[in-house]
Amino acid sequence: MTLHITLPERVSAAVTEDMADAIRRTAAARGISVADYLRGALQGRLLMDGTPIRPLPDLHRLASPAGRTRTL
């Protein structure tokens, strides 16, 4: 079964350089894209805050580039 998900909206936020690096490292360590990591993090925060949303399925569609895995 193929699940087609459309993600038509974008949200952006400026972050510090160390936070951006931490996000990239953490996503790479989990083997997922930065976008999928951020979607999951934002979804988790919204759910913790009790915000009614329709949860996304587990998105791991884009793997990080092949190579040595960095540890946190």
Side-chain angles (χ1 to χ4, degrees):
M1 179 178 132
T2 302
L3 182 61
H4 180 72
I5 299 171
T6 303
L7 303 170
E9 297 294 324
R10 274 196 179 273
V11 176
S12 65
V15 297
T16 60
E17 189 175 319
D18 63 322
M19 184 180 283
D21 188 48
I23 292 166
R24 287 186 204 98
R25 280 193 331 267
T26 304
R30 293 186 63 190
I32 61 175
S33 69
V34 168
D36 284 344
Y37 177 80
L38 289 173
R39 283 184 200 102
L42 289 171
Q43 177 176 271
R45 184 64 217 200
L46 288 167
L47 291 171
M48 285 191 323
D49 288 344
T51 305
I53 61 167
R54 187 178 64 214
L56 291 169
D58 203 11
L59 297 176
H60 292 224
R61 299 171 302 141
L62 304 172
S64 297
R68 223 167 80 178
T69 303
R70 295 193 292 184
T71 58
L72 298 178

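Position 1 is the first residue of the sequence; numbering continues from there.
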Chemist: Mind checking whether M19 and I32 sit in one hydrophobic cluster, side chains of I, L, V, M, F, W, Y counted as touching below 4.5 Å?
Modeler: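 Both belong to a single hydrophobic cluster.
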Chemist: Hydrophobic cluster membership, with links at side-chain heavy-atom distances under 4.5 Å among I/L/V/M/F/W/Y: are L56 and L47 in one?
Modeler: no
Chemist: So which atom in T26 and which in A22 form the shortest heavy-atom distance, rounded to 0.1 Å?
Modeler: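 Heavy atoms only, the tightest pair is OG1-O, 2.7 Å.
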Chemist: Would you say V34 and L42 are hydrophobically clustered, going by side-chain heavy atoms of ILVMFWY under 4.5 Å?
Modeler: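 Result: no, two separate clusters.
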Chemist: If we ignore angles and hydrogens, is there a donor and acceptor under 3.5 Å between the side chains of T16 and D18?
Modeler: yes
Chemist: Return the minimal non-hydrogen interatomic distance between L7 and R39, and the atom names on each side.
Modeler: CD1-NE, 3.4 Å
Chemist: Between A27 and S33, which heavy-atom pair has the shortest distance, and what is it?
Modeler: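 Looking at all heavy atoms of both residues, the shortest contact is CB-O, 3.8 Å.
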